[in-house]
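First the structure, in the form of structure tokens, and then the observations on it.
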Amino acid sequence: MDRSTALQDIPKHFDPGSVEEKWYDFWKENGFFHSEPDDRESYTVVIPPPNVTGVLHMGHMLNNTIQDVLVRRARMRGKNACWVPGTDHASIATEAKVVQKLRKEGITKADLTREEFLEHAWEWTEEHGGIILQQLQKLGASCDWERTRFTLEDDLYESVIDCFIELYNRGYIYRGKRMINWDPEAQTALSDEEVIHREEQSKLYHVRYRIKNSDRWVTIATTRPETILADTGVCVNPGDERYRELIGETAIIPMVEREVPVIADDYVDMEYGTGCLKITPAHDENDYQIGQKHDLEIIDMLKPDGTLSETAEYYVGEDRFKARELIIADLQERNQLVDVEEMTNKVGYSERTDAVIEPRLSLQWFCRMDKLSRPAHENVMNDTIQFYPAKFKNSYNHWMENIRDWCISRQLWWGQRIPAWYYGDGRDDYVIARTKEEALEKAREKTGDPSLAGSDIHQDEDVLDTWFSSWLWPITVFDGIREPDNEEINYYYPTDDLVTAPEIMFFWVARMIIAGYEFRGEKPFSNVYYTGIVRDSQRRKMSKSLGNSPDPIKLMEEYGADGVRVGMLFSSPAGNDLLFEEQLCEQGRNFANKIWNAFRFLSMNKQEDTEYSRDLDIDKTNLVDRWMLSRLHETIAGINKDMESFRINEALHKIYSLIWDDFCDWYIELIKADEPGTDIPEQRLARGLNFFEELMKLLHPFMPFITEEVWQHIRPRKTEEAMIVASWPAFDQSAVSAEDQALFSKIQRIISAVRNIRAEFKLSPNDNIDLLISAGDEQTARALRNNEWIFQKLQHIDTLEIRVDLAKPETSASAVVEGTEIFVPLKGFVDLDKERERIRKEIDRLQGFLKSIEGKLNNDGFVNNAPEEVVQRERDKKADTETNLEKLRGILRELE
RNA sequence: GGGCGAUUAACUCAGCGGUUUAGAGUGCUUCCCUUACAAGGAAGAAGUCGCAGGUUCGAAUCCUGCAUCGCCCA
């Protein structure tokens with residue numbers, strides 16, 4: 001057949017764009033992603049649901065690539081793999097986006113009813129929602145799209161409400177007035193986890209308060225002088241000599257001229273500021289505690305939007321930060337501002353809106369966590385659920401040990417509405433019910449007033465924290481709350497692996513574990529793999545607001561999805577941050593190209609009308625076949641072990657190296673046709689193809705597209721024989737031969753030594769040389785002689801002689817490999833100085849090596865204490881090195 | 001303030017049970033369009049493994065302290 005035609009048929013470069021969509025559709029349309037319960041063992045992963053209106057970023061790329069690797073490998077191993085995709089309604093973020101969009105249209109949220117607003121929100125969600133899931137398909141994510149869920153769809157909504165009611169009935173949910181984190185921008189309460197503390201440069205203001213009926217003053221220090229207007233006490237440490245006489249006196253708050261007591265409490269740090277603390281119970285958590293203890297008045301001076309209310313008396317209607325400036329000026333004017341100190345302190349910001357958080361006393365719904373969290377705490381500490389890397393157990397433990405009640409109500413509309421119905425203004429004038437009818441009935445019962453009408457009760461306006469729905473995710477995607485004994489939940493739960501970012505360990509992972517034990521009595525997953533954070537070359541976290549993140553879609557267009565996947569995985573061991581560089585994707589693309597060309601080469605050699613056997617054994621008489629098989633199985637074992645311990649990048653490195661370094665650089669070179677221009681003999685090619693197929697299987701989870709593409713080209717396949725469902729190669733210990741590997745490695749080293757001689761003496765690879773190999777013993781000589789063809793194949797050689805104790809020809813370049821001498825006669829062109837220099841350098845290196853070995857062996861402690869095996873190894877090394885040195889010295893003598 | 005982690009070649013990172021005078025990719029130098037692949041091949045240079053102690057026969061690896069950087073929590 002005409003070889004040049006075959007060459008033209010297959011392009012020189014792999015073009016990912018032309019195959020990715022084709023194979024993705026093929027997999028999807030043939031149901032390879034879909035799972036139904038059956039007899040096989042299940043392997044389940046639930047996706048960490050991204051925000052419904054979110055856009056794919058590099059963190060998602062990393063995270064979902066890893067999930068896909070796990071899922072694809074499990075599928076190939078014959079498990080019933082199920083990867084459930086979906087999105088999260090992200091109350092605050094989505095509501096903020098909708099509000100913003102409406103504002104552009106001249107509509108404010110206040111103009112709308114709840115129902116109207118929700119209509120807009122759903123519209124927005126349907127328009128922008130799920131883009132991110134589309135984008136994941138480009139990456140190759142093998143999710144079961146028929147199972148796509150959204151946290152706000154009806155049955156998930158219902159399940160969340162059920163759980164609220166259940167927890168309320170079990171006594172875990174309560175309503176209370178407590179200090180909470182208030183986001184004045186979103187105008188809602190937040191949980192502690194949603195507050196980000198940032199250290200900043202700020203000012204500590206020293207302000208003096210007059211003591212009533214005296215000419216004395218007391219100086220307090222504060223970073224938030226505007227809250228002075230709501231002060232209801234001044235506090236000092238009881239052990240503080242400076243202020244002892246002031247305790248019990250009355251201080252006068254500046255501006256408002258309020259009279260407040262000077263109290264004593266150990267809480268006050270004498271070293272901090274002036275050692276004298278102003279107390280504002282309504283606007284600071286600690287102040288609130290002290291206020292409660294000492295029965296201080298609570299004065300709330302802020303409106304929900306962060307402006308000052310009438311209660312403040314001054315600066316009413318001004319924003320809190322503007323008020324701060326104003327009061328500083330006024331205090332200065334009154335001569336009450338005595339000092340301004342530069343300092344750093346931590347300021348809390350809203351995780352979603354980035355507004356400065358106001359601690360605020362507010363009536364909210366809480367979930368009591370101490371008892372609820374106990375099984376979740378224990379079962380991570382005792383490794384029933386394993387964290388990768390395990391170091392994250394420490395922070396989990398710390399959080400669990402200091403767990404605080406969870407504020408679960410949000411003053412928003414986008415989310416599951418709290419099923420509490422009020423019939424009066426009293427704090428306990430409510431009932432918990434699924435429907436208005438049920439609520440009315442309960443309210444009548446509770447009040448004993450049968451005349452209560454529907455118009456007398458109203459439902460709580462607030463919704464639940466988004467995480468209060470996503471903590472049920474591994475259960476609700478299988479409808480395990482409403483139908484706790486359904487076939488799917490029983491089959492898929494507990495799920496297997498969860499892949500997520502350490503940032504949401506408390507928000508989400510910990511809470512899922514809590515919910516899993518509470519509602520299913522069982523863990524939600526067995527392993528949690530924490531990915532690193534993707535950063536840019538300046539170590540900044542990649543984010544949309546910084547604009548330092550490449551567009552993943554463009555990246556995939558440029559390097560191919562496989563290339564980007566490899567790029568992401570290459571330098572991302574679990575839990576370590578990865579500095580993303582496009583170069584990594586380039587490396588991935590180049591690897592795809594290498595594979596493509598290996599495939600191209602093998603294909604070029606195929607004869608039309610020939611069916612290459614799939615189950616042909618290796619040629620047992622051929623060292624190269626035995627070596628390749630041995631390396632293959634060694635790698636299978638290594639990858640399996642790496643994957644079990646979630647060392648995914650290590651596994652990828654292993655298959656990368658096996659394909660590139662072993663298969664392409666050596667195996668293919670050695671199966672090439674003996675005569676240029678002719679094709680590889682059938683059986684030899686069949687064996688090469690078989691090896692290549694095994695390599696493609698091992699690579700498939702990492703690079704799904706190119707592997708499927710070449711797999712389908714190698715032979716005609718039926719649909720059910722697709723790469724995606726090919727069997728993962730089984731490890732066979734008997735295929736691994738240390739002996740074959742050692743011999744082949746020796747041959748490789750001899751060839752490298754010859755190449756080095758060529759390079760040093762400027763011989764072109766095409767120049768024919770004579771090669772003399774002088775083995776130290778007959779056994780080695782015979783082994784090498786049996787494989788003469790390998791030297792002939794990889795080097796242009798006129799005459800090759802392999803014997804024991806060959807004499808060094810004059811004017812030749814030499815090298816010694818593992819006691820075997822190599823001579824390349826240079827026909828008078830040898831630069832003797834250069835050759836002597838080469839040999840001396842090698843002697844120096846070996847002498848240094850020998851010295852370090854002798855150091856060990858001359859040490860009695862080592863010889864007596866180290867394991868015999870280790871000592872023997874050193875002895876062998878010493879003997880080998882001495883032999884090599886002796887031979888090199890002999891060579892040098894002849895040169896001098 | 002408490003905790004966790006990092007510090008290895010010019011750059012980005014591996015190095016899991018202690019033992020080939022430390023590995024990969026990129027970059028660099030030299031040579032090569034050799035029967036697939038220049039997005040490639042061959043050869044090579046390049047590191048007292050942050051600092052100081054300690055344990056040990058032996059430490060990049062374990063322990064302690066310090067320095068610098070990062071993250072988490074209060």
Side-chain angles (χ1 to χ4, degrees), chain A residues 3 7 10 12-14 192-193 196-197 269 285 346 389 391-399 401-402 404 502-503 505-506 533 535 537 539 541 559 563 570-573 575-581 583-584 586-605 641-642 645 647 649-650 653 656-657 661 664-665 668-669 672-680 751-760 762-766 794 796 845-853 855-867 869-871 873-874 876-877 880:
Chain A
R3 291 168 52 85
L7 256 170
I10 307 172
K12 225 167 155 179
H13 293 314
F14 176 58
D192 296 334
E193 286 67 33
I196 298 169
H197 296 275
D269 177 358
E285 168 84 53
K346 293 270 179 106
K391 66 178 179 187
F392 286 112
K393 274 168 78 176
N394 292 324
S395 22
Y396 181 86
N397 186 43
H398 184 260
W399 188 78
E401 277 177 350
N402 298 284
R404 309 197 340 193
E503 305 168 285
M505 176 158 60
F506 309 130
I533 292 167
R535 299 177 180 280
S537 52
R539 293 196 176 273
K541 191 174 156 182
Y559 299 103
F570 250 137
S571 64
S572 68
N576 278 8
D577 289 359
L578 89 98
L579 265 62
F580 181 79
E581 286 176 295
Q583 263 182 354
L584 292 170
E586 200 177 318
Q587 197 186 337
R589 178 199 60 183
N590 292 354
F591 182 42
N593 202 49
K594 186 75 184 175
I595 292 161
W596 181 250
N597 277 288
F599 155 71
R600 182 167 168 258
F601 174 74
L602 295 172
S603 297
M604 253 166 49
N605 279 277
K641 194 162 165 255
D642 288 339
S645 46
R647 296 170 174 280
N649 65 325
E650 290 285 324
H653 270 287
Y656 179 92
S657 167
D661 304 333
C664 292
D665 288 350
I668 288 191
E669 288 307 319
K672 280 181 175 174
D674 302 319
E675 291 298 319
T678 62
D679 285 330
I680 300 174
I751 285 169
S752 287
V754 176
R755 283 172 177 162
N756 176 274
I757 288 169
R758 281 189 188 269
E760 290 287 339
K762 309 262 182 260
L763 294 174
S764 137
N766 294 325
L794 298 177
H796 285 100
R845 193 183 69 83
L846 288 180
Q847 273 173 337
F849 188 43
L850 187 62
K851 216 175 142 190
S852 81
I853 299 167
K856 288 180 196 175
L857 289 171
N858 291 339
N859 182 338
D860 286 344
F862 175 75
V863 179
N864 296 330
N865 296 324
E869 200 187 298
V870 173
V871 178
R873 198 171 346 170
E874 293 303 314
D876 292 347
K877 259 155 68 178
D880 292 349

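We name chains A, B, ... by the order of the sequence lines, and we start the count at 1 in each one. Reckoned from all heavy atoms, side chains included, excluding hydrogens, waters and symmetry mates.
Separation of atoms CZ (A/Arg758) and CD1 (A/Ile751) is listed at 11.0 Å; rounding is to 0.5 Å. Here the CG-CD distance, from A/Asn593 to A/Glu586, works out to 11.5 Å after rounding to the nearest 0.5 Å.
Among B/C73, B/U26, B/C16, the nucleotide with an atom closest to any side-chain atom of A/Phe506 is B/C73. Picking from B/A39, B/U35, B/G17 the nucleotide with the shortest atom distance to the side chain of A/Lys641 gives B/G17. Here B/A36 is the nucleotide among B/A74, B/A36, B/U19 with the atom lying nearest to any side-chain atom of A/Cys664.
On the P atoms, B/G70 is 24 Å away from B/C63, given to the nearest whole Å. Nucleotides B/U56 and B/G3, compared at atom C1', are 30 Å apart to the nearest Å. Look at the P atom in both B/A46 and B/A24: the space between them is 14 Å, to the nearest Å. Nucleotides B/A52 and B/G15 have their C1' atoms positioned 24 Å apart, rounded to a whole Å. Spacing of P atoms, B/A10 relative to B/A45, comes out at 15 Å, to the nearest Å. Taking the C1' atoms as reference points, B/A67 lies 8 Å from B/G50, given to the whole Å. When the P atom is compared between B/C62 and B/U19, the two are found 12 Å apart, to the nearest whole Å. For the P atoms, the distance linking B/U64 with B/U20 amounts to 26 Å, nearest Å.
In this structure, A/Arg647 places its CZ atom 4 Å from C1' of B/C16, rounding to the nearest Å. B/C37 atom C1' lies 13 Å from atom CZ of A/Arg589, rounded to whole Å. A/Asn865 places its CG atom 14 Å from the C1' atom of B/U19, with the value rounded to the nearest Å. Between A/Met505 atom CE and B/C72 atom C1' the separation is 8 Å, expressed in whole Å. Distance A/Asp192 CG to B/A74 C1': 11 Å, rounded to the nearest Å. One interatomic measurement links the two molecules: OH of A/Tyr656 to C1' of B/A24, which rounds to 9 Å at whole-angstrom precision. A straight line from CG of A/Asn858 to P of B/C57 spans 17 Å, rounded to a whole angstrom. In this structure, A/Trp596 atom CH2 and B/A39 atom P are separated by 17 Å, rounded to whole Å.
A stem is defined here as three or more consecutive Watson-Crick or G-U pairs, each with both distances under 3.5 Å; for RNA chain B these stems are B:1-7 with B:67-73, B:10-13 with B:23-26, B:28-32 with B:40-44, B:50-54 with B:62-66.
Nucleic acid contact for A/Lys346: base, since at least one base atom lies under 4.0 Å from a heavy atom of the residue. The residue A/Lys856 sits apart from the nucleic acid: no heavy atom pair falls under 4.0 Å. No engagement by A/Arg758 is indicated, since no non-hydrogen atom pair under 4.0 Å with the nucleic acid exists.
Atom NZ of A/Lys641 sits in a sparse spot, with 12 or fewer heavy atoms from other residues, nucleotides or ligands closer than 6.0 Å.
Contact annotation: the side chain of A/Phe506 never approaches that of A/Asp192 to less than 4.5 Å [non-hydrogen atoms, C-beta and beyond]. A/Phe14 is not listed as a side-chain neighbour of A/Ile595, based on a closest heavy-atom distance of 4.5 Å or more. The closest side-chain heavy-atom distance from A/Trp399 to A/Met505 is not below 4.5 Å.
For A/Tyr656 and A/Phe570, the ring centers are positioned less than 6.0 Å apart.
The heavy-atom pair separating A/Ala673 from A/Ile680 by the smallest distance is N-CG1, 3.8 Å. The two atoms that bring A/Pro765 and A/His796 nearest to each other are O-ND1, 2.8 Å, heavy atoms only. The two residues A/Val863 and A/Val871 make their nearest non-hydrogen contact at O-CG2, 4.1 Å.
Judged by ring centres under 5.5 Å apart and planes tilted less than 30 degrees, A/His653 fails to stack against the six-membered base ring of B/A24.
In this model, the phosphate group of B/A38 is approached by a side-chain N or O of A/Lys12 to a distance below 4.0 Å at OP1 or OP2.
Residues A/Trp399 and A/Asp661 each lie close to RNA chain B; by heavy-atom proximity, the contact nearer the 5' end of the strand is made by A/Asp661. RNA chain B is contacted by both A/Asp860 and A/Glu650; A/Glu650 maps to the nucleotide lying nearer its 5′ end (nearest heavy atom per residue).
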Polar atom pairs (N or O), protein with nucleotides 3-5 of chain B, under 3.5 Å:
none

Sort me out a list of protein N/O and nucleotides 40-44 of chain B N/O pairs below 3.5 Å, or just none if empty.
residue, atom, partner, partner atom, Å
B/G40, OP1, A/Asn590, ND2, 3.2
B/G40, O3', A/Lys594, NZ, 3.2
B/G41, OP1, A/Lys594, NZ, 3.3
B/G41, OP1, A/Trp660, NE1, 2.4
B/A43, OP1, A/Ser752, OG, 3.3
B/A43, O3', A/Asn756, ND2, 3.0
B/G44, OP1, A/Asn756, ND2, 3.1

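A cation-pi contact, defined as under 6.0 Å to the ring centre and within 45° of the axis, is absent between A/Lys594 and A/Phe599.
A/Phe849 meets the ring-ring contact (aromatic ring centres under 6.0 Å, His included) test with no other residue; sequence neighbours excluded. Residues satisfying the side-chain hydrogen bond (donor to acceptor under 3.5 Å, both in side chains) criterion with A/Trp596, sequence neighbours excluded, are absent altogether. For the side-chain hydrogen bond (donor to acceptor under 3.5 Å, both in side chains) test, no residue two or more places apart in sequence or in another chain qualifies with A/Lys856.
The base of B/A36 sits with one of its N or O atoms less than 3.5 Å from a complementary donor or acceptor on the side chain of A/Glu669.
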